[in-house]
Amino acid sequence: MVTHITKAVIPAAGMGTRFLPATKAMPKEMLPVVDKPAIQYVVEEAVAAGLTDVLMITGRNKNALENHFDRVTELEAVLIQKGDRDRLAKVNESTDLADMHYVRQGDPLGLGHAVLRAKMHVGREPFAVLLGDDIIDARDPLLDKMLSEQITRNTSVVALLEVDPSQIHLYGAAAIEKTDDPDVVRITGLVEKPAAEDAPSNLAIIGRYVLRPEVFDVLEHTKPGKGNEIQLTDALQEMAVNPETTGGVYGVIFRGRRYDTGDRLDYIKAIIQLAVDRDDLGVELRPWLKEFTSTLE
Ligand code: UTP
């Protein structure tokens, strides 16, 4: 029995079409949220939960992602020469964060296809998946609970968020049964991006998963679904209805702050929400924001 999960897979190979032209030559995961690229928050979250072996699934324009987690000796030398220790520390923050590995997806055939690219690296052990454009606020930890549920129940675990029914068509939606724990449900079925009237609930899957390795066996034969992409949700649906062979799927309901930085409006909200609480920016930003909003009427 597994007592400790150490591997995280971070898919970051999507086309980011909602963010064009910013993402023409740069992955959307590199867009700065205040002063750090979105992907750094995600790797920091993985490491904070004890997941120190990180495999990133990259696509075209992968260089910026790899470079961000590597040393930049010229920049370090200049900052050392200037005696600028604070900025040097900022440069080095991402360098020693985790044991980073990279694999290319090739064609972006969907999230399920991206996760399948991790099969060789992960092997036959449970592992976490963190979407590279989805930020969970560090003050509202989620992964710890998901990892412990995976270990005690020995099932796959997904994160669920209650959304307004008018928004469910943007997500995978879960049909559920309650458990003794108000934050944990058993998933009986999943539908990718349903119309509001077809959604089994308003519980949406968000970008955190702790999966049993059987997901790879299922993804091997998962056919393209919505958007002609190989959908992770379709593989999880098969696992949810075949618990004897795949271990089944549970959901942890997340009630904290989460930012979808792949969406332009959510991205802007993320920057404002995170910046107002920062010691170095909040003091000046808060009064400015109040004054600015009073002009909006
Ligand atoms: P999204 O559907 O949000 O990414 O995938 P996208 O396709 O890049 O977005 P738009 O709609 O064109 O703007 C969710 C996550 O899955 C990854 C993305 O990088 C993102 O982190 N992904 C998606 C892959 O790694 N490969 C894929 O083929 C698709």
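When a ligand or atom number is given, it counts from 1 through the structure's own listing order.
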Salt bridge Arg18-Asp266, side-chain N to carboxylate O under 4.0 Å: no
So, Arg124 and Asp217, do they make that salt bridge, N to O below 4.0 Å? yes
Non-hydrogen atoms of Glu29 versus ligand 1: any pair closer than 4.0 Å? yes
Contact check, Gly262 vs ligand 1, heavy-atom distance below 4.0 Å: no
Backbone, side chain, both or neither: what part of Pro108 comes under 4.0 angstrom of ligand 1, heavy atoms only?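 Within the 4.0 Å criterion, Pro108 contacts ligand 1 through backbone and side-chain atoms alike.
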Using heavy atoms and a threshold below 4.0 Å, how should the contact between Asp134 and ligand 1 be classified: side chain, backbone, both, or neither?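 For Asp134, there is no contact with ligand 1 at all, from either part.
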I'd like to check which ligand 1 atoms, numbered from 1 as shown, lie under 4.0 Å from a non-hydrogen atom of [X].
X: Lys28; value: 1 (P), 3 (O), 4 (O), 6 (P), 8 (O), 9 (O)
X: Ala114; value: 24 (C), 25 (O), 26 (N)
X: Gly110; value: 26 (N), 27 (C), 28 (O), 29 (C)
X: Thr17; value: 10 (P), 11 (O), 12 (O), 13 (O)
X: Gly132; value: 21 (O)
X: Gln105; value: 24 (C), 25 (O), 26 (N), 27 (C), 28 (O)

Any donor and acceptor pair, going by atom type alone, linking the side chain of [X] with main-chain N or O of [Y] inside 3.5 Å?
X: Ser94; Y: His68; result: yes
X: Asp107; Y: Leu109; result: no
X: Arg186; Y: Glu177; result: no

Indicate, with yes or no, if the rings of Tyr41 and Tyr259 have centres closer together than 6.0 Å. no
Could you check which of Ala38, Gly59, Ala13 puts a non-hydrogen atom nearest to atom 25 (O) of ligand 1? Ala13
If you take the nearest heavy atom of each of Asp133, Leu111, Val129, Val9, which one is closest to atom 16 (O) of ligand 1?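 Looking at heavy atoms only, the winner is Leu111.
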Considering heavy atoms of the protein only, find what lies nearest to atom 22 (N) of ligand 1 and give residue, atom and distance to 0.1 Å.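 Sorting protein heavy atoms by distance from atom 22 (N) of ligand 1 puts Gly14 N, 3.6 Å first.
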For atom 3 (O) of ligand 1, closest protein heavy-atom neighbour: Arg18 NH2, 3.0 Å
Backbone or side-chain N or O of [X] under 3.5 Å from ligand 1 N or O:
X: Leu131; answer: no
X: Pro11; answer: yes
X: Ile57; answer: no

So which atom in Asp181 and which in Glu149 form the shortest heavy-atom distance, rounded to 0.1 Å? OD2-OE2, 4.1 Å
Hey, is [atom1] on [X] packed in by over 12 heavy atoms from elsewhere, all under 6.0 Å?
X: Glu220; atom1: CD; result: yes
X: Arg264; atom1: CZ; result: no
X: Arg71; atom1: CZ; result: no
X: Arg60; atom1: CZ; result: yes

